[in-house]
Every structure is written in structure tokens, then in C-alpha cells.
Participant: 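Take this structure, written in C-alpha cells, and hold onto it; I'll ask about it next.
Just the heavy atoms: all of them, side chains too, but no hydrogens, waters or symmetry mates, feed the values below. Proteins come first, then strands; the chains are lettered A, B, ... in the order of their sequence lines, and each starts at number 1.
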Amino acid sequence: MSTEHVTEARTSVYVYEAPVRVWHWINAASIVVLAVTGYFIGNPLPSVGGDTSDMYVMGTIRFVHFSAAYIFAVGFIGRIYWAFVGNHHAHQLFTLPFWRGEFWRELFFEMRWYLFMERAPKKYEGHNPLAQFFMFFAVMLLSIFMICSGFALYGEGQGIGSWQYSLFGWMFDIFTNSMLLHSWHRLGMWVLVVFIIVHVYAAIREDIMSRQSIISTMISGERMFKDSKD
Amino acid sequence: MGETTETFYDVIRRQGISRRSFMKFCSLTAASLGLGPAFAAKIANAMETKPRIPVLWLHGLECTCCSESFIRSAHPLVKDVVLSMISLDYDDTIMAAAGHQAEAILEEVKTQYKGRYILAVEGNPPLKDGGVYCMPGGTPFVDKLKYMAEDAQAIISWGSCASWGCVQAAKPNPTEATPVHKVIKDKPIIKVPGCPPIAEVMTGVLTYILTFERMPDLDRQGRPKMFYSQRIHDKCYRRPHFDAGQFVEAWDDDNARKGYCLYKMGCKGPTTYNACSTTRWNEGVSFPIQSGHGCIGCSEDGFWDNGSFYDRVTDIKQFGIESTADKVGVAAATTVGAAVAAHAALSLVKRAQQKGSQSDEN
Amino acid sequence: MATTPNGFNLDNSGRRVVVDPVTRIEGHLRVEVNVDENNVIRNAVSTGTMWRGLELILQGRDPRDAWAFTQRICGVCTGTHALTSVRAVEDALDISIPENANSIRNLMQLTLQVHDHLVHFYHLHALDWVDVVSALNADPKATSELAQSISKWPLSSPGYFKDVQGRLKKFVESGQLGPFKNAYWGHPAYKLPAEANLMAVAHYLEALDFQKDIVKIHAIFGGKNPHPNWLVGGVPCAINLDGEGSVGAINMERLNMVSSIIDRCIEFTEQVYIPDLLAVASFYKGWLYGGGLSSKSVLSYGDIPDHANDYSAANLMLPRGAIINGDLSTVHEVDQRDPEQIQEFVDHSWYTYEGDAKGLHPFDGQTNPHFELGAGVKGDAKRIVNIDENAKYSWIKAPRWRGHAMEVGPLSRYIIGYAQGNPEFKEPVEAVLKHLDAPVSALFSTLGRTAARGLECQWAAHKMRYFFDKLIANIKAGDSATANTAKWDPAAWPKSAKGAGFTEAPRGALGHWVEIADGKIKSYQCIVPTTWNGSPRDAQGNIGAFEASLMDTPMADPEQPLEIIRTLHSFDPCLACSTHVMSPDGQEMAEVKVR
């Protein structure tokens, strides 16, 4: 399982299989595109002049947003598929060992480490418990919300007979005014932005300060351990 | 709706009322109008053929804009609706009778047209304190509504008050004004939202029911698909300016005079399901966007509580009245960014200290 | 038996008659009267039976949005609350509007006056004077002669009236009388001959067709009607006569449509409304009940500013002032901001004031809803049989001007204009009185109220032409501005500000008072025409205009309250307008006690 400690004196282990790594970077790129275009859909750029029929600024921004959204969604579905067929690290994203006391103890240990209350971190092959916690909520659940709300909003434009509206129209039973769903979809974007700030920082910091490699692992798939201690 | 072809006479015979009693009823009707026996026979004849469907139009907490809109209908003209299509037996805004003569009509239609009348509701009932905030006829409106709904064939919720709650249900909803479908659960309800709905949409829904003798197809939220299945934005004649990225930036600026898109002025056309941009208002003369003001989203649930009508990125009420997604997001990102920077600095210090102590140990 | 300070002898010992709901009005009104052995009304009690709390809902909102909320106070006098609201906010923030915006706003307000008065006369009020069923007995030829003798309106042939009568006959023969069911047909208080009734029925239907065209002016400038759009700082519609994109703005085609509607308004008012009014009045001129407070105390704020941004009496085309105790020789100046002048009392309203506050100016207004049925009430909160006027008995507050209960509305405006000697108001009044061979005192009656409304409709139609011409002249002179956006951004506003806005709504004097703090509404108060007219008693026992107007009216049959609704309708009551409150601290929540 994700939290099991490496006890053998090994220097590296293969954690992230190729599809997971590819998904990670495609996902990262699509989120950046979605956030930027999404921001400008809500707060459009200054007006352009010229012949209206020659211009397609807003149209292009929206097209890019929708295209990136499809990539994001398809990637997410692929990632779910890989959770079933990939190695045991591949389904860590979708699980939260909520009932395991050890998980929460280690999560708090990890928090103390970040608060400079522990001298040395522990070793993890996959995500550490704190990272897993955030991955579960900020990546997995939020991605589902963003996909559902996004396709529901997209479905409005495609028409109430479209597959997008048929599949995701139920979002409007919860958010009965489409404006409200727009606002929450936008808030979701900001949560992702905040997550990315923390994620990138933590990855760089862990790469430097923890006992295992982080960034290179998402490129090569190999988790390198810097020491052989337990 | 198929049984609307059954005549008034058929129904009362089915309910065990004799022909003799029926004729007596017709004579009484004629007599109450000061008319002779010749009229009684004609009334009887009309009743035995196909009667107009009775509509009872109740008013709760409202502003009467729906009734005002209804009488603006150009096709069909409202006089034709009232004189030839329906039998508008009760509507306190226009009916000639008042007081107990008016209230008696409700009882009469409820009994004589049991299960066959349409209950049209304008406004909504306040539920707080037993409903004392709306007491037409000396009784709480909520009681009257429930009582009259019992034997209705279907209910039409006119306007945003009856459909969603509208302005009196806006935060903090001091009277607990409640839309009709949350009070009446066991009847088909057609929501015709808007503040008010477009006149021809109102008469369109009504005449559809009469002409095709069936309920209109409704969308997920209970609105007739024929008028509420697309957003104003989808059919807006200013849409090309939206796609081009050409917006009004300030009131009465050059772009406003050119008729550019009102998106940045807070137009809610992209989130509002209504027929304004196609059917338009007042016999097709205009609609809000055509006259230079953004759509305020008046046919949508809770449109009063989605922030200013002039904001594009609007408030999320759960975060207090002044918080938009962008305000929350920028604040969070800034805070977290600062925290990360501080944490990074502290980490470097700690690391330097640790390195120092490690080298001491060695 | 008791005499009120404003001079009415109340006696509640006789038979109690209840009319609830009062129909053909906006909102929910209840009236109870006591009649003596001769069926003459000796005590009258009017109760507003609804409350929505709109001003409380406005707290904390963007002041630029307030017009949309307040407009939903009333969908019948649609627009007038919005106009009052943008004026109040502009007053608070010291925003001036362009001249074109003033002309367009006046055009919209006058459109409302014409529409509202016309619909009121034909569709809400006419059935109090016109016996629809009697029209079946009319001779179409004689009807045609009658119509042609009073007007040159072309729809007047015998064949036309025969068709109308035929349609009516078919309708009645169906046995389904719809809105005409259970009414008072054949009541002795109906006095028109059958031919006049038939003519009136024809015009009832014509007016129903025409009214929908009048409001197209609202659609042109405000996008829709009911509830057109408004803007703090001007009007939302841009003017673009011949530039790029002018087809989507106020252009020649739009202006032509406005102009042609104005022509038709003048025509219909002068050839149909006024002749009908005079014809009806000539049969009822002996029925001079229902004077209410009009011969005693009347109030008007004035409206229709000729030039933009000047709300002084000299610049207002509708008269401004107050007359008290029937002294027409003195017209008092009115100041909405003076805490000594306008105050609201709640002794007989379902609210309480904190502390021992008696009357409160709207800037200090507070109201804590407090539904409580008096000891003398028959029935309970589930079914009120009789109300107790000695306790709290209405959702309407009691506003007073320097302690006086006042009547507002077209008649009040005409009386003040008459007292000021303004020929625009004095001359038409004198012409009508001469035509009917009636004394000036006939003005102070139900019929006088109805007549003043008709005259004002005609006045407003002509003023529409005036402001249309003014708009064209100003555009011609090179000014096409419609909005001032210098203070659109809340950053440009002072930290706190107070403002008052007022209009003359179709039903009378309308005021909004707003306090803005940190860019948001801190408090909002409205006193609307029906709050004045439908006011309950105050602590001194002064009765309101509705109540006063019913006093001493003889009823032919108390079971058939035609006389009561006839007089109440002459005020054009608007109950959704009159009943809404707030508290300054937002702590308000209703408390209900039923004894």
C-alpha cells in the first residue's frame, strides 16, 4: 500500500508507469490552458475593433477552453482506466484510507514535518499521506466536479437534447441557476490554482529536502532514495 | 387532458345530477343576469356542447406584473382569450364581483368542475407564522391555494414568484415566501417564469393546452420546452459581437452606440432561459438587450441573490454578499503564495542549520 | 359615536359589512363598514392584508441595483418605483443626468400615466358605472347616434355596435361569464341607459387592444413592459441616429414609432376616454359621495422636471404642495427631507416601534412587524370574520404630513394646481364643471377623482409630445448623451450618503429614502401613494382617505357592495405598493400574537 515503508536497502523503485506520467503532464498542461482561458471567459480582454465577421477573439478563447476541457476529461477517464490495470500506485489517487488510524497519524507526522516540528521526514514510494489527502480532494474530487460542471455548462450551449446536457444536466438540479454554477466552476478553478502553487512548491522542496526524488520521478518513473536508512 | 372534450353536461350527469337540476341551474344563471327563459335554453345548449375550460387565477404575494403582461398579449388578443378561449371565472385583478360574491365563485367552480379547471397562480404564499403575511378574504393565502389545488386539473405557476419565489423570497426572505411547487406536490405544475413572463409566452402556453388538449413538454425544471429550452444568449442578435470579442465597456460609450455585446456590463443572457431574444417583448418591439441594458436574468431561480446585475463574475451567496469567485480566488492564491514563500525561506534556514549541526556531529 | 380630529363622525353600532377581497385593484385589500338602519355607512375600516418586506431585502445590496428591486413593488405602476429609486440614489451620490435622459425618463413616466389611467378607467373602474348585461338590451342604431353625438371617433357605426353586442350576447349565452360572473348586474346604483352601456363595453374592448400599444414606448427605451430597465446616471438606451450600428440603438425608426404612439395616445384620450368620461359623469352627477379627504387635506410632491437635475417646484410640471383643512388659499411647500413634515405612525398598524417613538421620518424609519389581532376581532388568524379597528388592524403604516392624514393622487394634483391658479390644471377643470353644470364642490367626490384622472391622462399625452419634441431638438443641437458614468464606479462614492427621490406616480405622491454606506444600501424606505390613501387610523384617531371616502355613503343593498368598491376604485388602490417595511438594524423579525 501507499504508506508502507521501504525497509530494504534499495536505491530506487519503479513507481509511476508511463501512462501515469504522460497523463500527469498532459493534465498539467490542460489545467494551465483551462485556467488561463477560463479566466478570460469570465473577464474578457479589452474589446477589439474592426469587422465583426472577421473577429473571433472570444470565440477562439472559448474554443481553446472547450478543447482543453475535452483533453482534460478524456485524460481523466484514461487515468481511471489505468487505476484498474496499472500497478498498485496507480489507484492511490482514487483512495483515501479514511478508517486507518495509521494513515491519519502519518498525515499528522507529515504536517509536523512541514511545520518544522520533525527533524527528518519518512520515506514513501508513492504519495506521502498528506500528499495523498490533497490528491484525493484537490485533484480527484475537484476534477470530477470541474468536469461535471464544465460539461453541464457546455451542454447548455449544445442544447438540452445534447449528450452533454443529458449526462450532466443534473448539475442544474443542485445549482438551479446556471449563473450560480458558473460561479462555482470559477471558484473550482481558483482552488486548482492554489493547489498548483502548493503542489509545485512542495515538489521542489521535497526534491531538495526529503529522502526521495520527486520531480524526476514524474519524468522517469523511478523513485530514487537518497539514503538506505529505514 | 383528453377528457376536456367531455362537456359540462356529461360531467354533471356522471356525478348523478339530474337533467332537471341541470336545467334549473341554467335558469338560475339566466335569472341572476336578469335575463329571460329564452337565455336559459341557450345556456343549457352551450353547456351540453363544449364548454370553455375554467381558469381560476389566484394572487398571493406578488406585484401583478404577470397580469399586466398577460393583457399585453397581441396574438391572441387578450379579449379573445377571455371571451372565446377560456372561462376566466376568477381573477381578483379584473373580475367584476368582489367580497363574498367573488369568493363564492371559487367554491362553485371547485365543485362543478372538479378535476377539470386550471388553477393559475400569480405570486406565492408566505409560510411564516401560519401565513398571516397574505390574508386575502380573511384567510391565509397558503390555505386557499392548497384548498383550490385539491380539485384542479393542473396548475400554472405564472412568473418568477410562483415558479421560484422572486423578490420577496430574496435574502433574507422575511415572510418565508415559497414557490408553488414546494407547497403543492400532487398536481402537474407548469412553471412559466419571468418577471414578468412575456405576454405571448403566457397566452402561448395556455392556448397550446387548449388547442392540443395536452400538457406542454417540460424541461428538467418544469418549464415548457417550447419557450424555455434555450438561453437568451443562444439566440441574441448581438452574439456575433460576443464571439468577436467586441463589448460595451461603459454606458453610452461608442461601443454601446454601435450595439456591441453587453456581457461586460453584467448581462445575464448567457445564463437565462427565456424567449426574449426571439419572441421579444410587446408585440416584438424590443427586448432588454436591444434597448441597451443587459438581461438581469429575471426568469431564473434566485436571480436576485446572484450579486449585482452589473457584475460579470458574480457573488456566491455562501461566501457572503460581496464575494465573487475571483475575489475569493485571488485572496486565497495570494495568501497561499505568501505562505509558500515564507515557508520556503524558513526551509532554507532550517536546512542551513541542519547542515551545520550535521557537520558538527561528523 | 365619536368625532375624529379630521372631522368624521364614526358610529360602529350598526350592521357590519365586510368586503374582502376588494377586487379590480392591485394586491389585497379588505374593507369593513358599519351601516345604520337606512343602510348609510357610518364607520369604515380599511385593512391592507399583505406584507412582503422588500425594504429589508434591499439592505446590503448595491444601490445601482435598487431600482430593479423597488420596481417589483408594483407591476401595475411599473417603472415609477424604479424612477423614484434612481432619483434617490442620484440624489445621495450627487449624480447629474444628461438632458436626453431626463426627456426619455419623462416620456416613460408619462407613458405610464397615460397607460395606467386608461386601463384603470376602462378595466378596473368602468364596471362600477357600466352594467355589462344591460348592454344586451341596447339598440345598436341608437348607440351609434349616441357615440357620434359625443365624439368623432370612427368606430361608431350601427353595424359596429351590433357586432359588439352580438359577441357579448354569444358570450352571455354560453353561460360561462368568466370575469363578469356573480357581479352586481341590475343593481339600482347603475344609472346608464342601455345604449351608453353598450358603447362603454365596446370601448372596454378597444381600450384593451390599445393599451398594449401604449407601453411599446417602454419597450423601445427600456426593453420591455411590464418592468422596463433603468439606469443610475441616465438611461440604458444609447442614441445613434446615423453612425455605425445605429440599427441597434435609438434611431429614426424607433423615434418614429414613439411619435406615432404619442399621436394615437392623444387621439384615443381625446376622442374616446374624455367623451366617455363626460357621458358617464352626466348620468351620475347627482352621486357626489366619496369625497374622502380631498376637500380637507391633499398632498403632491410634483414631478416631470422640465430641465434635467432640477427638482424645485418651479421646474416641475406637475404641481407640488400641500393643502390642509380645506384652505385652498394656502398651498404649503413640501420638503421630503424635513423630519418634521413627513412621519409614519404605527399605532394601528401591525408593527411596533422601539422605545417610545411616536412618528418617524423615513430617514429614521424602523418597523418591527407584529401581527396581533385585537380583542374585538371575530374569528382568528386562520379566518378573520371581523377586524377590530381599536387595535392594530393593517399592514399599511399611517403616514402623516405635519400630523395630517392626506389624500394623494390625480385629484390632489388637480386641486393643488387649481389652488395655485395654474391654467394647465384650472382651465380643464372649469371646462368639465361647466360641461356638467356642476359646482366646484362636485370635484371633491368619487366622480371628481375619476374625472381628474381622465384630465390628467389627456394632459400627460400632450406632455409626451412636448418631451418628444424636446428630445429631437436636443439631438438636433448635437447632444446625444444618455448616461453620465463619472460616478458609476462605487470607488467614486462618498463613504456614506443619504438621498431622497420622489415622483408623482399615477396613484399619487411617491417617495423613496435611501442611506448608502460603504457602497451598499444601509437603509431604504418607501412611502407610496396607497400608504397615504389606505392609511389606517393614527393615535389621535384621524382616519385615512379610503376610510373617509366611504363615510356617509348610502348603500342600496349592503349585500351588494357596489357603492363601496366604486369609491375605493376611484383611488386606484395598489396594495403591494403600500405594505413593506424594514428596520435600520436588520434585527427585524416578525412576532405573531393571536389573542
Participant: Examine whether an atom of B/Asn255 lies under 4.5 Å from a heavy atom of chain C, and if so say whether it belongs to the side chain, the backbone or both; otherwise answer neither.
Facilitator: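 Neither the backbone nor the side chain of B/Asn255 comes within 4.5 Å of chain C.
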Participant: Less than 4.5 Å to any heavy atom of chain C: does that hold for the side chain of B/Ile296, its backbone, both, or neither?
Facilitator: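 Contact with chain C involves the side chain of B/Ile296 alone.
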Participant: For C/Arg61, is there an ion pair with B/Asp305 - N to carboxylate O distance below 4.0 angstrom?
Facilitator: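 Salt bridge: yes.
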Participant: With a 4.5 Å cut-off on heavy-atom pairs, point out which of C/Leu208, C/Asp62, C/Asn229 contacts chain B the most.
Facilitator: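 Ranked by contacts with chain B, first place is C/Asn229.
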Participant: Could you please spell out the steps behind the side chain to side chain donor-acceptor pair (under 3.5 Å) verdict for C/Ser174 and B/Arg52?
Facilitator: CA-CA 9 Å; C/Ser174 78; B/Arg52 284 172 284 127; 2.6 Å; yes
Participant: Within the side chain of B/Glu283, is there an N or O that forms a donor-acceptor pair under 3.5 Å with the backbone of C/Lys212?
Facilitator: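 No, the answer is negative, given that no donor and acceptor are paired below the 3.5 Å cut-off.
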Participant: For residues C/Asn240 and B/Arg257, report the shortest heavy-atom separation together with the two atoms involved.
Facilitator: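 Taking every non-hydrogen atom into account, ND2-O, 2.9 Å.
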Participant: Non-hydrogen atoms of chain C under 4.5 Å away: do they reach the side chain of B/Tyr90, the backbone, both or neither?
Facilitator: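 The side chain, not the backbone.
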Participant: Under the salt bridge (Lys or Arg N to Asp or Glu O under 4.0 Å) criterion, do C/Arg167 and B/Asp80 qualify, and how do the steps go?
Facilitator: CA-CA 10 Å; C/Arg167 183 159 195 193; B/Asp80 295 333; 2.8 Å; yes
Participant: Report the C-alpha distance between B/Gln101 and C/Lys181 in whole Å, list the side-chain angles of each, state the deciding distance to 0.1 Å, and finish with yes or no for side-chain contact (heavy atoms from CB on, under 4.5 Å).
Facilitator: CA-CA 9 Å; B/Gln101 284 91 356; C/Lys181 199 179 168 89; over 6 Å; no
Participant: Hey, does the side chain of C/Gln211 reach the backbone of B/Ile71 with a donor-acceptor pair shorter than 3.5 angstrom?
Facilitator: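 Present.
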Participant: Does any backbone or side-chain atom of C/His187 lie under 4.5 Å from a heavy atom of chain B? Answer side chain, backbone, both or neither.
Facilitator: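 No part of C/His187 comes within 4.5 Å of chain B.
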Participant: Which of the residues B/Leu77, B/Asp311, B/Asp91, B/Ile105 is involved in the greatest number of heavy-atom pairs with chain C at under 4.5 angstrom?
Facilitator: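 Going by pairs under 4.5 Å, I would pick B/Ile105.
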Participant: For chain C, which of B/Gly294, B/Cys161, B/Ser291, B/Gly292 has the most heavy-atom pairs under 4.5 Å?
Facilitator: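 Greatest number of close heavy-atom pairs with chain C: B/Ser291.
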Participant: Below 30° counts as parallel, above 60° as perpendicular, anything between as tilted: where do the rings of C/Trp51 and B/Tyr133 land?
Facilitator: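 Tilted, since the angle between the ring planes falls between 30° and 60°.
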Participant: Within the side chain of B/Thr64, is there an N or O that forms a donor-acceptor pair under 3.5 Å with the backbone of C/Glu26?
Facilitator: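 Here the side-chain-to-backbone pair does not exist.
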Participant: If only atom types and distance count, is the side chain of B/Asn282 paired as donor or acceptor with the main-chain N or O of C/Lys224 below 3.5 Å?
Facilitator: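 No, B/Asn282 side chain to C/Lys224 backbone: no donor-acceptor pair under 3.5 Å.
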Participant: Quick one: does B/Ile94's side chain get under 4.5 Å of C/His123's, heavy atoms only?
Facilitator: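 Heavy-atom side-chain distance check fails, nothing below 4.5 Å.
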Participant: Quick one: of C/Asn484, C/Ile384, C/Ile239, C/Asn182, who has the most non-hydrogen atom pairs under 4.5 Å with chain B?
Facilitator: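 The option with the most such pairs is C/Asn182.
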Participant: So do C/His28 and B/Met135 actually touch side chain to side chain, heavy atoms under 4.5 Å?
Facilitator: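 In short, these two side chains do not touch, never coming nearer than 4.5 Å.
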Participant: Identify which part of B/Ser67 has an atom lying under 4.5 Å from any heavy atom of chain C, answering side chain, backbone, both or neither.
Facilitator: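 Neither part; nothing is under 4.5 Å.
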Participant: For each of B/Gly99, B/Ala41, B/Ala102, tally heavy-atom pairs with chain C at distances under 4.5 Å, and name the one with the top tally.
Facilitator: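 Between B/Gly99, B/Ala41, B/Ala102, the count favours B/Gly99.
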Participant: Need one label for C/Leu127: side chain, backbone, both or neither, based on atoms under 4.5 Å from any heavy atom in chain B.
Facilitator: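 For C/Leu127, side-chain heavy atoms alone lie under 4.5 Å from chain B.
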Participant: Who wins among C/Gly245, C/Pro179, C/Ser480 for the most heavy-atom pairs under 4.5 Å with chain B?
Facilitator: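 If we count pairs closer than 4.5 Å to chain B, C/Pro179 comes out on top.
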Participant: Highest number of heavy-atom pairs under 4.5 Å with chain C: which of B/Pro196, B/Cys134, B/Ser69, B/Ala256?
Facilitator: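 It is B/Pro196.
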Participant: So that I can tick it off, tell me whether B/Glu62 and C/Arg52 are bridged by a salt bridge, with the cut-off set at under 4.0 angstrom between side-chain N and carboxylate O.
Facilitator: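 B/Glu62 and C/Arg52: not salt-bridged.
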Participant: Can you say whether C/Pro561 sits under 4.5 Å from chain B via the side chain, the backbone, both, or neither, judging by heavy atoms?
Facilitator: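 For C/Pro561, the side chain is the part near chain B, not the backbone.
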Participant: In terms of heavy-atom proximity below 4.5 Å to chain B, should C/Ser134 be classed as side chain, backbone, both, or neither?
Facilitator: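 Contact with chain B is absent: no heavy atom of C/Ser134 under 4.5 Å.
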Participant: Under a 4.5 Å heavy-atom cutoff, which of C/Val31, C/Val22, C/Val76 has the most pairs with chain B?
Facilitator: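 Looking at each of C/Val31, C/Val22, C/Val76 in turn, C/Val76 comes out on top.
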Participant: With only heavy atoms counted, which part of B/Pro136 is less than 4.5 Å from chain C, the side chain, the backbone, both or neither?
Facilitator: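 Contact with chain C is through both the backbone and side chain of B/Pro136.
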Participant: Quick one: what part of C/Tyr184 sits under 4.5 Å from any heavy atom of chain B, side chain, backbone, both or neither?
Facilitator: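 For C/Tyr184, side-chain heavy atoms alone lie under 4.5 Å from chain B.
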Participant: Report yes if some heavy atom in the side chain of C/Asp65 is under 4.5 Å from a heavy atom in the side chain of B/Tyr310; otherwise report no.
Facilitator: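 Of all side-chain heavy-atom pairs linking B/Tyr310 with C/Asp65, at least one is under 4.5 Å.
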Participant: Which atom names give the shortest non-hydrogen contact between C/Asp20 and B/Gly137, and what distance separates them?
Facilitator: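 Reported closest heavy-atom pair: OD1-N, 2.8 Å.
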Participant: Report the option among B/Trp57, B/Phe309, B/Trp304 that has the most heavy-atom pairs separated by less than 4.5 Å from atoms of chain C.
Facilitator: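 Of the candidates given, the most pairs with chain C belong to B/Trp304.
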Participant: Just do the side chain to side chain donor-acceptor pair (under 3.5 Å) check on B/Glu68 and C/His227 with the steps written out, would you?
Facilitator: CA-CA 10 Å; B/Glu68 282 284 344; C/His227 295 337; over 6 Å; no
Participant: Has B/Ser286 got a side-chain atom pairing as donor or acceptor with C/Ile220's backbone, closer than 3.5 angstrom?
Facilitator: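 Checking the backbone N and O of C/Ile220 against the side chain of B/Ser286, no donor-acceptor pair under 3.5 Å is found.
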Participant: Any chance you could lay out the side-chain contact (heavy atoms from CB on, under 4.5 Å) test for B/Val285 and C/Arg254, step after step, and finish with the verdict?
Facilitator: CA-CA 9 Å; B/Val285 167; C/Arg254 300 269 101 177; 3.9 Å; yes
Participant: Sort C/Gln71 into side chain, backbone, both or neither according to what part of it lies under 4.5 angstrom from a heavy atom of chain B.
Facilitator: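 Contact with chain B involves no heavy atom of C/Gln71 at all.
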Participant: Which atom pair, heavy atoms only, marks the closest approach of B/Leu83 to C/Leu205?
Facilitator: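 Result for this residue pair: CD1-CD2, 4.0 Å.
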Participant: Please identify, among C/Asn225, C/Thr47, C/Val247, C/Asp213, the residue contributing the most non-hydrogen atom pairs under 4.5 Å to chain B.
Facilitator: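 Option with the greatest count: C/Asn225.
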Participant: Heavy-atom distance under 4.5 Å to chain C: side chain of B/Phe70, backbone, both or neither?
Facilitator: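 Contact with chain C involves no heavy atom of B/Phe70 at all.
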Participant: Does C/Thr482 offer a backbone N or O that forms a donor-acceptor pair with the side chain of B/Asp252 under 3.5 Å?
Facilitator: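 Checking the backbone N and O of C/Thr482 against the side chain of B/Asp252, a donor-acceptor pair under 3.5 Å is found.
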Participant: Checking heavy atoms, do the side chain of B/Ala170, its backbone, both or neither come under 4.5 Å from chain C?
Facilitator: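 Both backbone and side chain.
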Participant: Looking only at heavy atoms, what is the nearest atom pair of C/Ile565 and B/Ala98, with distance?
Facilitator: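 C/Ile565 and B/Ala98 have their closest heavy atoms at CG2-CB, 3.9 Å.
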Participant: At a heavy-atom distance under 4.5 Å, which candidate from C/Leu231, C/Val172, C/Val19 has the highest pair count against chain B?
Facilitator: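 When all of C/Leu231, C/Val172, C/Val19 are compared, C/Leu231 has the most.
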Participant: Side chains of B/Cys63 and C/Ile73, heavy atoms from C-beta outward: is any pair under 4.5 Å?
Facilitator: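 SC-SC contact between B/Cys63 and C/Ile73 ruled out.
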Participant: Could you report the tightest heavy-atom contact between B/Pro174 and C/Gly53, atom names first, then the distance?
Facilitator: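 Residues B/Pro174 and C/Gly53, closest heavy atoms: CG-O, 3.8 Å.
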Participant: Given heavy-atom pairs under 4.5 angstrom as the criterion, report whether the side chain, backbone, both or neither of B/Arg238 touches chain C.
Facilitator: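 The side chain, not the backbone.
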Participant: So for C/Ile387, is it side chain, backbone, both, or neither that comes closer than 4.5 Å to the heavy atoms of chain B?
Facilitator: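 Answer is neither: C/Ile387 stays 4.5 Å or more from chain B.
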Participant: Using non-hydrogen atoms and a 4.5 Å limit, figure out which bit of C/Arg30 sits close to chain B: side chain, backbone, both or neither.
Facilitator: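 When you check distances to chain B, only side chain atoms of C/Arg30 fall under 4.5 Å.
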Participant: Is C/Val133 in contact with chain B via its backbone, its side chain, both, or neither, using a 4.5 Å heavy-atom distance?
Facilitator: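 Just the side chain, heavy atoms under 4.5 Å.
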Participant: Which bit of B/Cys298 is near chain C, if near means a heavy-atom gap under 4.5 Å: side chain, backbone, both or neither?
Facilitator: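 Contact with chain C is through the side chain of B/Cys298 alone.
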Participant: Where the side chain of C/Arg24 meets the backbone of B/Ala96, is there a donor-acceptor pair that is under 3.5 Å apart?
Facilitator: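 Pair found, side chain donor or acceptor close to backbone of B/Ala96.
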Participant: Kindly say whether C/Thr23 contributes a backbone atom to a donor-acceptor pair with the side chain of B/Asp92 at under 3.5 angstrom?
Facilitator: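 A pair under 3.5 Å: no.
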Participant: In terms of heavy-atom pairs under 4.5 Å, which option from B/Arg72, B/Gln168, B/Lys258, B/Met95 contacts chain C the most?
Facilitator: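 Of B/Arg72, B/Gln168, B/Lys258, B/Met95, B/Arg72 has the most heavy-atom pairs under 4.5 Å with chain C.
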Participant: Which bit of C/Asn137 comes within less than 4.5 Å of chain B, counting heavy atoms only: side chain, backbone, both or neither?
Facilitator: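 No part of C/Asn137 comes within 4.5 Å of chain B.
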